[in-house]
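Read through the structure below, which is laid out as C-alpha cells, and then see the notes.
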Amino acid sequence: MIYVFLAIILAAVIAGIVIYKKKNTSVETVSFADQDLDPLHIDITQIDQMADGSEFEMYLYRLFLALRYEGVYKTVGSGDFGVDLVFTDREGVRTVIQAKRYSVENPVGISAVQEVYSAMRYYKAKKSIVIASSSFTASCETLAGVNHVKLLDRSDLIEIIRLFKEGNHEKVKDVIEAEPRMILDSWTEYTNQINPEIKKDKKAEKIVQNL
C-alpha cells in the first residue's frame, strides 16, 4: 500500500515539474488595448506576445493607415471570407490581406492562400497578400507561387517594422508591393499543355482497371 502511495506522490511531483517548465518556456501572452497598438511602439516581440490574431489584425490596420494607403479598412470579425484588411496600393490596385499571427515554430499552411485568393474577387480586388509572424509551409509557398499570391513571412515583417520605425515609409511600401514569387509566368504555360495530369492517383486507376 505504501508503494502505491509513494508512486502517486512521485507522479504528482513529476507532473508539477512538467507544468512549471511549460509555463516558463512558453511565450507569455499580453492583451493589448487598441491605444497600445501604435505601430511606432510595436516590434516582433510584442507581436509574439499578442493574445490572439485580432490584435495582430488591428496592428496591421493601424500600420497601413499610418503608411497613408488609400482605401484602407478592416473587415468584420466573422464572415470575412478569409480577408482581414483591404487597401489600395500606389498604383491604384485594390489588394486584400489575410493576417496570420502564429508562433515561430508553427508555419502557415495552404488554407491561407486558398482563402485569400478565393475571396479576392468578392472584395473586387486584383491582388492578395498573406502576412505572417512565422513562416510558410512548402505547399503554401507552391500554391501562392502558382496563383501569384504575395507571401510576407516573419523576416519580411521584421524588415517592415524596422523600416517603418526609421520613417522609411516608401521602402516599407516597396516590401509590401513587391511582385510575388511566381512559379509560372503566364496562363499559356498551363494551356499549351495537352491533357496535363497533375498528382494522378495511379493506384486508384489500377483498381478500376482490375474490376
Side-chain angles (χ1 to χ4, degrees), residues 27 29-104 106-109 111-120 122-136 140 144 149-180:
V27 176
T29 59
V30 178
S31 293
F32 293 83
D34 290 345
Q35 61 267 26
D36 297 330
L37 292 171
D38 184 343
L40 280 173
H41 301 143
I42 294 290
D43 59 24
I44 197 65
T45 302
Q46 278 78 50
I47 290 173
D48 288 338
Q49 293 175 337
M50 288 177 177
D52 55 44
S54 63
E55 292 178 346
F56 185 44
E57 294 169 17
M58 183 60 71
Y59 160 75
L60 290 176
Y61 176 47
R62 293 192 58 175
L63 174 66
F64 276 70
L65 287 173
L67 290 170
R68 298 188 180 278
Y69 272 120
E70 296 291 332
V72 180
Y73 72 89
K74 184 179 179 300
T75 63
V76 294
S78 60
D80 59 14
F81 297 101
V83 169
D84 300 310
L85 296 174
V86 181
F87 76 101
T88 301
D89 68 16
R90 289 173 293 183
E91 295 182 352
V93 178
R94 190 177 179 88
T95 307
V96 291
I97 296 174
Q98 182 172 121
K100 289 293 186 183
R101 197 213 67 79
Y102 282 12
S103 59
V104 180
N106 187 15
V108 176
S111 62
V113 171
Q114 293 170 328
E115 290 172 2
V116 76
Y117 182 78
S118 62
M120 187 167 51
Y122 176 82
Y123 287 91
K124 305 186 187 310
K126 291 184 177 180
K127 292 183 180 180
S128 53
I129 303 173
V130 181
I131 303 179
S133 59
S134 62
S135 58
F136 297 95
C140 183
V149 175
K150 175 74 176 178
L151 299 182
L152 293 171
D153 63 12
R154 185 179 183 86
S155 61
D156 297 315
L157 182 58
I158 291 172
E159 179 69 359
I160 287 170
I161 293 170
R162 182 185 69 81
L163 291 171
F164 179 79
K165 289 189 175 184
E166 291 175 355
N168 294 323
H169 291 191
E170 291 305 306
K171 289 186 177 180
V172 174
K173 293 179 180 180
D174 289 341
V175 175
I176 293 170
E177 298 177 29
E179 283 296 312

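Sequential numbering from 1 along the given sequence is applied to the chain's residues. Hydrogens, waters and symmetry mates play no part in the numbers below; they use all other heavy atoms, side chains included.
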- Looking at CD1 of Ile47 and CD of Glu55, how far apart are the two atoms once the value is rounded to the nearest 0.5 Å? 11.0 Å
Only distances under 3.5 Å count here; give the side-chain donor-acceptor pairs of residues 160-167 to other protein atoms, sequence neighbours excluded, each with its distance to 0.1 Å.
from: Arg162; atom 1: NE; to: Glu159; atom 2: OE1; distance (Å): 3.2
from: Arg162; atom 1: NH1; to: Glu166; atom 2: OE1; distance (Å): 3.2
from: Arg162; atom 1: NH1; to: Glu166; atom 2: OE2; distance (Å): 2.9
from: Arg162; atom 1: NH2; to: Glu159; atom 2: OE1; distance (Å): 3.3
from: Arg162; atom 1: NH2; to: Glu159; atom 2: OE2; distance (Å): 2.8
from: Lys165; atom 1: NZ; to: Ile42; atom 2: O; distance (Å): 3.2
from: Glu166; atom 1: OE1; to: Asn168; atom 2: ND2; distance (Å): 3.2

- Task: Not counting sequence neighbours, which residues clear side-chain contact (heavy atoms from CB on, under 4.5 Å) with Ser103? List them please.
- Result: Glu105, Asn106
- Message: Tell me which pairs pass ring pair (Phe, Tyr, Trp, His ring centres under 6.0 Å) where either residue lies in residues 65-104, with sequence neighbours left out.
- Response: Phe64-Tyr69, Phe64-Phe87, Tyr69-Phe87, Phe81-Tyr122
- Contacts of type salt bridge (charged side-chain N to carboxylate O under 4.0 Å, His left out), residue Lys127, not counting sequence neighbours: Asp89
- Message: Is any side-chain heavy atom of Leu157 closer than 4.5 Å to one of Leu152?
- Response: no
- Query: Can you name the side-chain hydrogen bond (donor to acceptor under 3.5 Å, both in side chains) partners of Asp153, sequence neighbours left out?
  - Reply: Ser155
- Walk me through it: do Tyr59 and Met50 pass the test side chain to side chain contact (heavy atoms under 4.5 Å, CB included)? CA-CA 10 Å; Tyr59 160 75; Met50 288 177 177; 4.0 Å; yes
- Note on the structure: Those residues at least two apart in sequence (or on a different chain) that pass salt bridge (charged side-chain N to carboxylate O under 4.0 Å, His left out) with Asp174 are Arg90
- Heavy-atom donor-acceptor pair, Arg101 side chain to Asp48 backbone, under 3.5 Å: yes
- Over all heavy atoms of both residues, which pair between Gln98 and Gly82 is shortest? Give the atoms and the distance, please. NE2-O, 2.7 Å
- Check against side chain to side chain contact (heavy atoms under 4.5 Å, CB included), Val116 and Ile129: CA-CA 7 Å; Val116 76; Ile129 303 173; over 6 Å; no
- So, for Ala112 and Lys100, which heavy atoms are closest and what is the spacing to 0.1 Å? CB-CE, 4.0 Å
- Query: Closest heavy-atom contact between Leu151 and Cys140?
  - Reply: CD1-O, 4.2 Å
- Rounded distance [0.5 Å steps], CD1 in Ile44 versus CZ in Arg154: 4.0 Å
- Query: In chain order, what residues pass the side-chain contact (heavy atoms from CB on, under 4.5 Å) check against Ala99, with sequence neighbours excluded?
  - Reply: Phe56, Glu57, Leu60, Asp84
- Task: Using the side chain to side chain contact (heavy atoms under 4.5 Å, CB included) rule, take Thr45 and Gln49 through it: C-alpha gap first, then chi angles, then the decisive distance, then the call.
- Result: CA-CA 6 Å; Thr45 302; Gln49 293 175 337; 4.1 Å; yes
- Side-chain contact test, heavy atoms from C-beta onward, threshold under 4.5 Å: evaluate it for Ser134 versus Val108 and give yes or no. yes
- Message: Lys173: which residues meet the side-chain hydrogen bond (donor to acceptor under 3.5 Å, both in side chains) condition with it, sequence neighbours left out?
- Response: none
- Hey, is the main chain of Val93 close enough, under 3.5 Å, to the side chain of Thr95 for a donor-acceptor pair? yes
- CG of Asp38 to CZ of Arg62: how many Å apart, nearest 0.5 Å? 5.0 Å
- Query: Counting distance only, does the side-chain N/O of Arg94 pair as donor-acceptor with the main-chain N or O of Thr88 below 3.5 Å?
  - Reply: no
- Query: Roughly how far, to the nearest 0.5 Å, is the OG atom of Ser133 from the CD1 atom of Ile158?
  - Reply: 10.0 Å
- Message: Using the side-chain contact (heavy atoms from CB on, under 4.5 Å) criterion, which residues pair with Ser111? Sequence neighbours excluded.
- Response: Gln114, Glu115
